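To start, the structure under review is shown below, and the notes come after it.
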Number of protein chains: 2
Amino acid sequence: MGLREVKMERTRRFIADTAFDLFVAQGYDDTTIEQIAAAAEVGTRTVYRYYSTKEALVVSFVENGLTAAMDAFLAQPDALPLAEALHAVVDSVEHTIGTNSARLLALYEIFDKTTGLRAGLADLCWSWRQRLAQEILRREDGAVDPLFAALTAASTMNVIEVIVQTWTVNGGRVQIADIGRETLELLHTKAIPVPTPAG
Amino acid sequence: MGLREVKMERTRRFIADTAFDLFVAQGYDDTTIEQIAAAAEVGTRTVYRYYSTKEALVVSFVENGLTAAMDAFLAQPDALPLAEALHAVVDSVEHTIGTNSARLLALYEIFDKTTGLRAGLADLCWSWRQRLAQEILRREDGAVDPLFAALTAASTMNVIEVIVQTWTVNGGRVQIADIGRETLELLHTKAIPVPTPAG
DNA sequence: GGAAAATATGGCAGTCGCTGTCATATGGCT
DNA sequence: AGCCATATGACAGCGACTGCCATATTTTCC
């Protein structure tokens, strides 16, 4: 990797971190791109070159966690049962939360205080659900119903979202592993009372 | 209801319908609020008074459908088992789709062609999931685990989203009732292979 | 039915997110 | 050192969105 790419990766991180600090200090809405650029000592145009959107500056942190989760999933051998491979996804999320607690709490405080950001987060989850569904289909080599793949991917993302949300709502004062275990047990022992077909 | 409210409701509808037509005709991004205001014969400021956001002009249509679904849920007697009450939600969505096919296909074409709109849609689903979870908790009078309520609400919204998405992807050429039945059967007969706790 | 209070409307100015363009600076290669 | 590729940053401009205020319309009260 050349010097050029190293520097770019560094400024990329620095811009996001600088923005993050400003968002924490004075709020998301009250922070302009110009301020971020000034604080990061780059031009405003450069900020946009790394992050196409102001929202992306915040969402990128969540995206990193989801990327790790997807990598964990892809790393599972295809021979492994699907359920166990998906378990690796939840494990990865738990691990991310466990090792970045303080940072993530600050991050979700930003999300919480800025209603406009929720859309970006929801959209991110949506696109990863799509990706996961596609990956499940590939993994099972088209031997499963696309509807099944979509539902499974959705369920998995739900577990992640519910875990993260419960953890953040409790201000990180509970063990993430406990929440994860309880959530998964709920999903297994008590059948979710989904509507029955042709009631 | 006074004359004033009637007129306001009429212009409210008219603005959204006018915007819808313009979006269909020339695309979402290439339509400015100014154009919408001109076509609807109101000031641009008035458009914003009815719809706080350009996105809201599109999302409002989906919101109407979800409102109907939620009303159907709330109309179910509290004594009814939760699963059956939730069935009413899915029924309502199927009914909405069945009776507004053409319009909805055009609507989802707009969503499909405009990547930026996805976030608003995802956010809408997210907020309704929250509402549904809260409503389930109230209905069961706090006798269920909040995690359970969250997961159940999420599952229900998933069913809705998967149904709608499958229907639209197929260009409405399939019976919505068939998709709904198949989806619900999948959820019941084949257990979704969610990761097992402490694998 | 008319005056007054209440409120919906629309225009104007201004901020900010975001984009296209282009000259300049910086790193990579011979 | 010198050439090429590309990263940078400035500038201009568009459009979404907001606060403000004068005007018009509806309701209410007499």
Side-chain angles (χ1 to χ4, degrees), chain A residues 1-16 18-20 22-23 25-60 110-111 113-121 123-124, chain B residues 1-16 18-20 22-23 25-60 110-111 113-121 123-124:
Chain A
M1 184 148 73
L3 172 62
R4 186 171 221 142
E5 278 156 325
V6 172
K7 273 183 87 172
M8 282 182 70
E9 200 51 44
R10 186 158 44 203
T11 45
R12 179 184 181 77
R13 292 244 167 191
F14 188 63
I15 289 173
T18 305
F20 184 86
L22 282 176
F23 292 155
Q26 60 185 32
Y28 177 82
D29 286 331
D30 292 338
T31 304
T32 68
I33 298 285
E34 210 168 341
Q35 288 175 14
I36 296 169
E41 291 172 318
V42 293
T44 65
R45 200 67 183 81
T46 303
V47 174
Y48 281 110
R49 215 163 261 126
Y50 284 102
Y51 298 93
S52 59
T53 274
K54 186 179 177 184
E55 242 184 24
L57 282 164
V58 186
V59 172
S60 68
I110 299 176
F111 275 110
K113 279 197 267 197
T114 319
T115 56
L117 278 178
R118 235 182 32 200
L121 189 58
D123 184 45
L124 187 67
Chain B
M1 186 150 74
L3 172 62
R4 187 172 220 138
E5 278 157 322
V6 172
K7 274 183 88 171
M8 283 182 70
E9 199 52 45
R10 186 158 45 204
T11 47
R12 179 185 181 78
R13 292 242 168 191
F14 189 63
I15 289 173
T18 305
F20 184 87
L22 282 175
F23 292 156
Q26 58 185 32
Y28 176 83
D29 286 331
D30 292 337
T31 304
T32 69
I33 298 285
E34 211 167 342
Q35 288 174 13
I36 296 169
E41 291 172 317
V42 293
T44 65
R45 201 67 185 77
T46 302
V47 175
Y48 281 110
R49 218 164 258 127
Y50 284 102
Y51 298 93
S52 60
T53 272
K54 186 180 177 185
E55 240 183 26
L57 282 164
V58 186
V59 171
S60 67
I110 299 176
F111 275 110
K113 280 196 267 197
T114 318
T115 56
L117 278 179
R118 236 183 31 202
L121 189 58
D123 183 45
L124 186 67

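Everything quoted here is computed from the prediction, not taken from an experiment. Below, chains carry the letters A, B, ... as their sequence lines are ordered, and counting in each starts from 1.
- What separates CG of B:Asp30 from P of D:dG15 is a distance of 10 Å, to the nearest Å.
- At least one side-chain heavy atom of A:Leu117 sits under 4.5 Å from a side-chain heavy atom of A:Tyr28.
- When the side-chain nitrogen and oxygen atoms of B:Thr53 are compared with OP1 and OP2 of D:dA16, none of them lie within a distance under 4.0 Å.
- Side-chain atoms of B:Arg4 come within donor-acceptor range of the base of C:dT7, with a qualifying N/O pair under 3.5 Å.
- Regarding contacts with the backbone of D:dC17, every side-chain N or O of B:Lys54 stays at 4.0 angstrom or more from both OP1 and OP2.
- Note: CG (B:Leu57) to P (D:dG15) measures 17 Å, nearest angstrom.
- Contact check, A:Thr46 against D:dG9: a side-chain N or O comes under 4.0 Å of OP1 or OP2.
- In terms of position on DNA chain C, the residue among A:Thr31 and B:Arg45 whose nearest nucleotide sits closer to the 5' end is B:Arg45.
- In this structure, the OH atom of A:Tyr28 is 14 Å from the P atom of C:dC16, given to the nearest Å.
- A distance of 14.0 Å separates OH of A:Tyr50 from OG of A:Ser60, quoted to the nearest 0.5 Å.
- Rounded to an integer number of Å, the gap from CD of B:Glu41 to P of C:dA8 is 21 Å.
- For C:dC16, neither phosphate oxygen OP1 nor OP2 lies less than 4.0 angstrom from any side-chain nitrogen or oxygen of A:Thr32.
- Counting heavy atoms from C-beta on, the side chains of A:Lys54 and A:Phe23 come closer than 4.5 Å.
- Separating the CD atom of A:Glu55 from the P atom of C:dC16 is a distance of 18 Å, rounded to the nearest angstrom.
- Rounded to a whole Å, the CD atom of B:Gln35 is 8 Å from the P atom of D:dG15.
- Surrounding CD of B:Glu41 are at most 12 heavy atoms belonging to other residues, nucleotides or ligands under 6.0 Å away.
- When heavy atoms are screened at a 4.0 angstrom cut-off, B:Thr44 is found touching no nucleic acid atom at all.
- Regarding B:Glu5, its CD atom lies at a distance of 12 Å from the P atom of C:dT9, rounded to whole Å.
- With rounding to whole Å, A:Ile36 atom CD1 is found 12 Å from C:dC16 atom P.
- Phosphate proximity of C:dT26 to A:Lys7: absent, as no side-chain N or O sits under 4.0 Å from OP1 or OP2.
- Nucleic acid contact class of A:Tyr50 (heavy atoms, under 4.0 Å, all strands): sugar-phosphate only.
- The environment of A:Arg13 atom CZ is sparse: at most 12 non-hydrogen atoms of other residues, nucleotides or ligands sit within 6.0 angstrom.
- Along DNA chain D, the nucleotide nearest A:Arg49 and the nucleotide nearest B:Tyr48 are compared for position; the residue whose nucleotide lies closer to the 5' end is A:Arg49.
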